[in-house]
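Below is one structure, written out as structure tokens; the observations come after it.
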Amino acid sequence: MTLSQHVAVITSDEQALIVASDLAEDFKRDSALRDRERRLPLPELEVFSRSGLWGISVPKTYGGAGVSNVTLAKVIALIAQADASLGQIPQNHFYALEVLRVNGSPEQKKRLYAEVLAGQRFGNALAELGTKTAHDRVTSLNRDGEGYRINGRKFYSTGALYAQRIPTSVVDEHGVQQLAFVPRDSQGLTVIDDWSGFGQRTTGSGSVVFDNVYVVAEDVIPFQSAFERPTPVGPLAQILHAAIDTGIARAAYEDALHFVRTKTRPWIDSGNDNATEDPLTLKSFGHLSIRLHAAEALLERAGEFLDRAQAETNAETVAAASIAVAEARAISSEISLAAGSTLFELAGSQATLAEHGLDRHWRNARVHTLHDPVRWKYHAVGNYYLNDENPPLRGTI
């Protein structure tokens, strides 16, 4: 795997959105084909990396654009609208950069941020199978001279297949979780392309195996402590997921509009041959439009709350950001599924035709929204407003 060459430098929010919009037009062109053939988006990721978008959250003091979270979410939504897998691949990259921002030393920030601005992509190796809860980890980090050895196995490692570094959650000899930024070419590290989801088919969310992998001490950053005090790490992770779902919803909605305007639908029951005047169709689009616009508005609002939490981090601002993001996450999850399902209803069996590829939107939404249970978002939001209880400090809220 080669590093991207001639990486562009993005210096403002406005520039980031323009670049993302231009890339989205290109990525959309063959997105259905990549999904149908599970064609890994290696050329697209190189273009994506060279665009400079993977470095837009790097703080200005370290040479990045330091864009707002409103802009970051919009960028991810734009890319996800064009290709939902390409929208998800950088999610954990930006998550790792936020952990670095809140817990990394000045030297670690300077070095790792510089790698990102030079075009490196960070993947992830966080989740594990067979643990008592989804938050438990058993992958070990043991001291070996001046560095460490890592042993364990991860799954759902989105982006690891395409990364130059793989941020990995590990448990040290004291039972404390750390985040090791492991070089992709480390001896004993194996990335297995065994992801077989029926949606998000090209995210590269397979397994990663660590067989006595050596990592230098300078590449290990505190992780558990990011959730032992109020930090924006959790809501940052979640707003990116909300952006992905919002992008999927927008894609399904736009494809539904195009289909109804241009395709023949002989099964309309209203007696009106014009599909755009069918009362049931109009009702469907009215329902979708309102919820989609609400999701997009709540996503922007969540970004504003998260910006405040990053600027002034305390229990109150982090809780408010977590709740605002949970609201966006809940509605984006629902509208992405609803938009994909409605597209099925309007297009009928034509939605599954390979030439259209319209079924991918529902499949992508169904797979991605399983990332963490949306029902707990409602619980946290209700508890916050009714009982003045702040949500727990974790990566899923």
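Counting only heavy atoms from C-beta outward, the side chains of L141 and V215 approach each other to under 4.5 Å. Proximity of F198 to V367: side-chain heavy atoms (C-beta onward) are separated by under 4.5 Å at one or more points. Looking only at side-chain heavy atoms (C-beta outward), L112 and I221 come within less than 4.5 Å of each other. The closest side-chain heavy-atom distance from Y148 to S140 is not below 4.5 Å. Put simply, the side chain of D211 reaches to within 4.5 Å of the side chain of N151, judged on heavy atoms. Considering only heavy atoms from C-beta on, F285 comes within 4.5 Å of V260 through its side chain. The closest side-chain heavy-atom distance from P41 to F48 is not below 4.5 Å. Within the 4.5 Å cutoff, side-chain heavy atoms of I76 are placed close to those of I244.
K377 contributes atom NZ, which lies 8.5 Å from atom OG of S333 (distance to the nearest 0.5 angstrom). A distance of 8.0 Å separates CD in Q177 from CG in D136, rounded to the nearest 0.5 Å. Considering CZ of F94 and CG of L240, their distance stands at 7.5 Å, rounded to 0.5 Å. E44 CD to T202 OG1: the interatomic distance, rounded to the nearest 0.5 Å, is 8.5 Å. Here the CG-CG distance, from D359 to N364, works out to 9.0 Å after rounding to the nearest 0.5 Å.
Under 3.5 Å, the side chains of Y253 and S289 contain a donor-acceptor pair of N or O atoms. Side-chain contact check for T158 and N92: no donor-acceptor pair (N or O, by modelled atom type) lies under 3.5 Å. Between the side chains of S284 and E345, no donor N or O sits under 3.5 Å from an acceptor N or O.
Using cut-offs of 30° and 60° for the angle between ring planes, the Y95 and F223 rings count as perpendicular. Using a 30° and 60° split on the angle between ring planes, Y156 and H371 fall in the tilted class, from 30° to 60°.
Pairs of residues two or more places apart, or lying in two chains, that qualify as salt bridge (charged side-chain N to carboxylate O under 4.0 Å, His left out) and include a residue from residues 329-343 are D245-R329, R329-D372. Under the salt bridge (charged side-chain N to carboxylate O under 4.0 Å, His left out) criterion, the residue pairs touching residues 81-100 are R34-D83, E98-R101, with sequence neighbours excluded.
Not counting sequence neighbours, the partners of I192 by the side chain to side chain contact (heavy atoms under 4.5 Å, CB included) test are R153, T190, D194, S207, V209. For F181, the ring-ring contact (aromatic ring centres under 6.0 Å, His included) partners at least two apart in sequence or on another chain are F122. With sequence neighbours excluded, no residue satisfies side chain to side chain contact (heavy atoms under 4.5 Å, CB included) with E25. Annotation: salt bridge (Lys or Arg N to Asp or Glu O under 4.0 Å) contacts of R165 (sequence neighbours excluded): E115, D219. Residues meeting the salt bridge (Lys or Arg N to Asp or Glu O under 4.0 Å) test with E389, sequence neighbours left out: none. Residues satisfying the salt bridge (Lys or Arg N to Asp or Glu O under 4.0 Å) criterion with D26, sequence neighbours excluded, are R29. Considering only residues two or more places apart in sequence or on other chains, Y214 meets the side chain to side chain contact (heavy atoms under 4.5 Å, CB included) condition with D144, R149, V216. In this structure, the side chain to side chain contact (heavy atoms under 4.5 Å, CB included) partners of S12, at least two apart in sequence or on a different chain, are E14, Q15. When the salt bridge (Lys or Arg N to Asp or Glu O under 4.0 Å) test is applied to R394, no partner is found at least two apart in sequence or on another chain.
Side-chain atoms of Q108 come within 3.5 Å of backbone atoms of V220 as a donor-acceptor pair (strictly under, hydrogens ignored). Under the 3.5 Å distance criterion, the side-chain polar atoms of T317 are matched with a main-chain donor or acceptor of N314. The closest donor-acceptor contact from the side chain of K28 to the backbone of A251 lies at 3.5 Å or more, if one exists at all. A side-chain donor-acceptor contact under 3.5 Å links T262 to the backbone of H258. Side-chain atoms of T61 do not come within 3.5 Å of backbone N or O of P59 as any donor-acceptor pair. Proximity of a side-chain donor or acceptor of W362 to a complementary backbone N or O of L343 within less than 3.5 Å is not detected. Distance alone, capped at 3.5 Å, places no donor-acceptor pair between the R366 side chain and the G199 backbone. Not one N or O on the side chain of D307 forms a donor-acceptor pair closer than 3.5 Å with the backbone of S68. No donor-acceptor pair closer than 3.5 Å links the side chain of E173 to the backbone N or O of N142. Within the 3.5 Å criterion, the main-chain N or O of A82 finds a donor-acceptor partner in the side chain of S31.
A single hydrophobic cluster is seen to contain both V191 and L42, as judged by linkage of ILVMFWY side chains at heavy-atom distances under 4.5 Å, directly or through other members. Grouping the Ile, Leu, Val, Met, Phe, Trp and Tyr side chains by contacts below 4.5 angstrom, directly or via other members, places L86 with V47. A single hydrophobic cluster is seen to contain both L17 and W54, as judged by linkage of ILVMFWY side chains at heavy-atom distances under 4.5 Å, directly or through other members.
The shortest heavy-atom contact between N69 and I239 is O-CD1, 4.4 Å. Residues N103 and S225 approach most closely at ND2-OG, 3.1 Å, considering heavy atoms. The two residues L306 and P232 have their closest heavy-atom pair at CD1-CB, 3.7 Å. Considering all non-hydrogen atoms of both residues, P391 and I397 come closest at CB-CG1, 3.9 Å.
Taking a 6.0 Å sphere around NE2 of H287, one finds it holds 12 or fewer heavy atoms contributed by other residues, nucleotides or ligands. The number of heavy atoms from other shown groups lying within 6.0 Å of CD (Q187) does not exceed 12. Surrounding NZ of K60 are more than 12 heavy atoms belonging to other residues, nucleotides or ligands, all under 6.0 Å away. At most 12 non-hydrogen atoms from other residues, nucleotides or ligands lie less than 6.0 angstrom from CD of E146. Heavy atoms from other residues, nucleotides or ligands lying under 6.0 Å from CD of E107 number more than 12.
Between E218 and R111, none of the side-chain N atoms (NZ, or NE/NH1/NH2) sits under 4.0 Å from a carboxylate O, so this pair counts as no salt bridge. Ionic pairing of R363 and D35 is present here: one or more N-O contacts between side-chain nitrogen and carboxylate oxygen are shorter than 4.0 angstrom.
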Criterion salt bridge (Lys or Arg N to Asp or Glu O under 4.0 Å) on E300 and K74, from CA distance to verdict: CA-CA 8 Å; E300 182 167 351; K74 287 181 178 179; 3.8 Å; yes
Derivation and outcome, salt bridge (Lys or Arg N to Asp or Glu O under 4.0 Å), residues R308 and E316: CA-CA 11 Å; R308 288 195 285 271; E316 288 71 30; over 6 Å; no
Can you list, pair by pair, the side-chain donor-acceptor contacts under 3.5 Å of residues 379-386, counting residues two or more places apart and other chains?
{"from": "N383", "atom 1": "OD1", "to": "N387", "atom 2": "ND2", "distance (Å)": "2.8"}
{"from": "Y385", "atom 1": "OH", "to": "E327", "atom 2": "OE2", "distance (Å)": "2.7"}

